[in-house]
Amino acid sequence: AAGDASAPAHVFSTSRPAGAPVRIGTGTHEQQVTPTRGKQRGEPVVRSFQSVTLENEYLRLTILPELGERVHQVLDKTTGEQVFHVGPIEYSGNVFTGFGEHAGGVQLYHPYYHGGNPYVAGCLYTTRTHADGSAEVVMGITHYPLLQRTTMTVSLAPGEAVFRIRYRFENLQPIPVGFNPWFNGVGTTRGDVQFILPTHHWADHWYGYNDGERFTTLYPWPIDEQGRDISYAKTAHKLSAFSYGVYDDFAALYYHELDRGFARIFDHHRMPAAKAFISYNPEGGSLPWCELWGAASHNMEDPLWLGPNEVRSYEELWMPLHGIGGMTWADEHGAIKLDRDGDRLQVGAYVTRDLGRGAVRLVADGVTVLEQSAALSPAQPFTAVTALPADADEVRIAVLDEAGRTVLEYQHFYSNRPKPTFDLPDKPWRRRTPLAKAQWEEAFTPMMTWGPWWHPPRSYAEVLANDPDNLEAQLGKARALWMDEATGLANAPAGGKRTADPAPAKLAEAQALLESLRGSDDPLIAARATALLALVRMSQGDFDATADVVAADAMLDTALTAHLRALAAVRAEDWPAAQRHAQRACALAPDATLPRLLYAIALLRAGDAPAAERVLRVLHEANPVEPAAIALLRDAAEHRGDEQAVASWTDRLAHLQHAETEPFEGALKQLDALRAGRLLNTRAIDTLSGPDLPGSAP
């Protein structure tokens, strides 16, 4: 199931080759930027940005946290070439007025559709080293007022020609929010570039939602209906190709004339997307970049849901490729190329670490046709040409290290075999009921970068006009009204000017709906309405009216309601109750940030600093750029009288504050709200506009 946290998980190897510890460098990096707003609009300028580098024997990664969650450049030291496209960046700094065009590298798009962090929202960041010699850069940002948090950890290990990225996504809103992160590796547009996607089917944008042949047809990949190989830029006839039915854990692009490229390794059970974006015109007018995408959903218009305080994590691996003439298959240890021409087979093997004097073995239909010793490393790819029986079907290739251990193994069949068909998952919006359409619009609208396309309260009102007794639609409208009021996003026009003043009528309408639903004969509807009513009443400033949520009700035993009970106990300064309810919230949502912070606050008020530290260290390990956790860890150290620890935590806070002010201040405002037992007023915080131009003159 797309994005299903219960799906089987691909587990990357934890073993690491020996080598010198990864080097971490800090400094500045000069980058050309073209502002798309402000006084310097349209005028390219060079700016100096804070930079962090990770470097081992094979790769040097350059990361610019001021320019959003991305790996800016990756140098393959074995070839002296950049792995990804390198170019200028267009900077808008405003999620509503456009987005930063591709400077290159690997980019994360979340939570906003198409814009994501390439609109250049500066990140809090830190670096960490580990006992095995690996090092990582952790970048994080919370998007206000939507309250979606992203943490991106880029890691490099000794002796490996790969880098890993771990993503942690968290919804800090007390209601479900649409969720659809996308991950993008950027290449340079050339006619010889080939996109290798493990799929038999592709579709365009909006597949499964809009009507018409373009949006309801799956096309064959990589050979089209006319027998053309459309996986090359020079033969592609569509800008975007979204894979459907991805059957393996890799995707790649390869420049055949340059004999190099890159691959992305991922868990296709949990990240079922592999998309190619191609803009190539041999007569000119091509975009300078092309793209290799992945995601937690099949299509950009296919949002999932992230529940209140829910955390989802994903991991992928990127590797350079070169010297093997193309790519057929890859995993985290390397890549294989098999190219058959009659009775001859061209073989290539690229490995991601030094295997010493290893060997390559090729078996065709049970008969060994090639067994060759070779020095194998990222700097020494293996290639050979061998005879192959004309009727050979099954080919197995194995790459062994100097100890005889199998590092890569791949099986390929040349005879025609039935290709599986792909059935579109039965998504709610695929069923196209009026309620499902409204739910889809509720999920999708907050992710729009240039202002909403739909107004969810109005979407639900349209459902209720024809079906006034629809309880789910009533809940949906109340939820959408609360979200509209809490963020001010739903009525934001082009230009990003949100409504500054609250609109009490929206909350009053939501309150009336929910008061009615509390009397429903359906106990689950009644319980959900009660929890949502507590949020509405808190937003109205009537904290006494939230007492119903505090009452012990088995139907309300969720992480959210336990957290709300803890907030009520904090307001009453009932610290034993605050501990009890916050502990329950942590048990039900162990990865969530807000319940864990609240639990630590209650423990500190009760004088149990060591217990508070144990609670907070779990959070700090998962997200070391969470300022509120560091501030509370400093408070705990003060309680214990540990001056050295106080100084250390103070230094970390100062580093984060210097890195990016707005996300830092937002996190501390969240901490103040928790200490007061209240919800955060997200209208007071805005990270969507950004400065006119980041960086400084070189």
Side-chain angles (χ1 to χ4, degrees), residues 79 187 190-200 220-224 227-236 241 243 247-265 274 276 278 292 319-331 333-352 358-374 376-378 380-400 406-417 419:
T79 64
R190 294 173 50 97
D192 63 313
V193 65
Q194 181 187 18
F195 288 85
I196 301 101
L197 307 177
T199 185
H200 301 301
W221 178 275
I223 308 300
D224 71 4
R228 298 172 299 179
D229 187 344
I230 58 171
S231 65
Y232 289 82
K234 60 187 176 185
T235 58
S243 299
Y247 56 77
D248 213 331
D249 292 341
F250 70 86
L253 63 76
Y254 206 92
Y255 301 95
H256 285 266
E257 292 178 9
L258 301 177
D259 199 13
R260 59 183 173 87
F262 59 81
R264 170 179 173 258
I265 310 299
I278 311 163
L292 183 71
M319 71 172 74
L321 301 170
H322 67 90
I324 58 174
M327 201 210 79
T328 305
W329 173 87
D331 73 4
H333 303 295
I336 296 295
K337 169 64 176 177
L338 298 176
D339 189 2
R340 185 174 187 173
D341 183 10
D343 60 357
R344 293 166 58 84
L345 183 67
Q346 180 182 352
V347 180
Y350 174 85
V351 295
T352 61
V360 177
R361 181 185 301 130
L362 191 75
V363 178
D365 292 337
V367 178
T368 300
V369 296
L370 173 71
E371 190 162 21
Q372 185 172 329
S373 173
L376 299 168
S377 76
Q380 294 177 290
F382 173 87
T383 59
V385 177
T386 185
L388 189 71
D391 60 350
D393 179 18
E394 181 202 31
V395 171
R396 290 178 179 267
I397 183 171
V399 177
L400 292 75
T406 300
V407 176
L408 286 174
E409 189 169 24
Y410 174 62
Q411 178 188 37
H412 191 82
F413 292 97
Y414 284 97
S415 61
N416 291 327
R417 279 169 164 73
K419 295 180 180 179

>> Could you work out, with side chain to side chain contact (heavy atoms under 4.5 Å, CB included) as the rule, every residue matching Ala384, not counting sequence neighbours?
In response: Leu370, Gln372, Phe382
> Between the side chain of Thr383 and the main-chain N/O of Ala349, is any donor-acceptor distance below 3.5 Å?
Replying inline: no
>> Can you tell whether the side chains of Asp393 and Arg417 come within less than 4.0 Å, N to carboxylate O?
In response: yes
>> The test is side chain to side chain contact (heavy atoms under 4.5 Å, CB included); show your working for Leu258 and Arg190 and say whether it passes.
In response: CA-CA 10 Å; Leu258 301 177; Arg190 294 173 50 97; 3.8 Å; yes
>> Run the side chain to side chain donor-acceptor pair (under 3.5 Å) test against Thr368 and tell me which residues pass, sequence neighbours left out.
In response: none
> What are the two closest heavy atoms between Leu408 and Thr406, and how far apart are they?
Replying inline: O-CG2, 3.5 Å
> Do the side chains of Pro222 and Phe195 get nearer than 4.5 Å, heavy atoms only?
Replying inline: no
> Which value, rounded to the nearest 0.5 Å, describes the distance between Ile196 atom CD1 and Thr328 atom OG1?
Replying inline: 8.0 Å
> Hey, are the side chains of Val351 and Val399 touching, using non-hydrogen atoms and a 4.5 Å cut-off?
Replying inline: yes
> In Å, rounded to the nearest 0.5 Å, how long is the span from NE2 of His333 to CD of Glu409?
Replying inline: 12.0 Å
> Would you say Val395 and Val363 make side-chain contact, with heavy atoms under 4.5 Å?
Replying inline: no
> Which pair of non-hydrogen atoms, one from Ala236 and one from Ile278, has the smallest distance, and what is that distance?
Replying inline: CB-CD1, 3.7 Å
> Is any side-chain heavy atom of Leu338 less than 4.5 Å from a side-chain heavy atom of Leu345?
Replying inline: yes
>> Could you check whether any side-chain heavy atom of Asp229 comes within less than 4.5 Å of a side-chain heavy atom of Trp221, counting everything from C-beta outward?
In response: no
>> Which heavy atom of Ile324 sits nearest to which heavy atom of Lys337, and what is that distance?
In response: O-CG, 3.3 Å
>> Checking Arg260 now: which residues fulfil salt bridge (charged side-chain N to carboxylate O under 4.0 Å, His left out) with it, not counting sequence neighbours?
In response: Glu81
>> Test of understanding: with side chain to side chain donor-acceptor pair (under 3.5 Å), list the residues that count as partners of Gln194, not counting sequence neighbours.
In response: Ser231, Tyr232, His256
> Quick check: does any side chain N or O of Asp259 sit under 3.5 Å from a backbone N or O of Gly325, one acting as donor and the other as acceptor?
Replying inline: yes
>> Among residues at least two apart in sequence or on other chains, which ones pass salt bridge (charged side-chain N to carboxylate O under 4.0 Å, His left out) with Asp224?
In response: Arg228
>> Using side chain to side chain contact (heavy atoms under 4.5 Å, CB included), reason through Val347 and Leu362 one step at a time and then give a plain yes or no.
In response: CA-CA 9 Å; Val347 180; Leu362 191 75; 4.1 Å; yes
> So how far is it from Phe262 CZ to Leu321 CG, rounded to the nearest 0.5 Å?
Replying inline: 9.0 Å
> Residues two or more places apart in sequence or in another chain: which of them pass ring pair (Phe, Tyr, Trp, His ring centres under 6.0 Å) with Tyr410?
Replying inline: Trp329, His412
>> Could you work out, with side chain to side chain donor-acceptor pair (under 3.5 Å) as the rule, every residue matching Thr235, not counting sequence neighbours?
In response: none
> Considering residues at least two apart in sequence or located in another chain, which fulfil the side chain to side chain contact (heavy atoms under 4.5 Å, CB included) criterion with Ser243?
Replying inline: Leu197, Thr199, Val246, Ala274
> Would Asp192 and Tyr254 satisfy side chain to side chain donor-acceptor pair (under 3.5 Å), going step by step from the backbone distance to the final call?
Replying inline: CA-CA 8 Å; Asp192 63 313; Tyr254 206 92; over 6 Å; no
> For Arg396, what residues pass the salt bridge (charged side-chain N to carboxylate O under 4.0 Å, His left out) criterion, not counting sequence neighbours?
Replying inline: Glu394
> Measuring from Ile336:CD1 to Asp331:CG, what's the distance to the nearest 0.5 Å?
Replying inline: 8.5 Å
> Nearest heavy-atom pair of Tyr350 and Pro381: which atoms, and what distance?
Replying inline: CD1-CG, 4.2 Å
> Can you list the residues that meet the side chain to side chain contact (heavy atoms under 4.5 Å, CB included) rule with Arg344, with sequence neighbours excluded?
Replying inline: Val385
>> Just to verify, what does Ala392 make a side chain to side chain contact (heavy atoms under 4.5 Å, CB included) with, not counting sequence neighbours?
In response: Arg340, Ala364, Asp365, Leu388, Pro389
> Taking only residues two or more places apart in sequence, or in another chain, which ones meet Asp343 in a salt bridge (charged side-chain N to carboxylate O under 4.0 Å, His left out)?
Replying inline: none
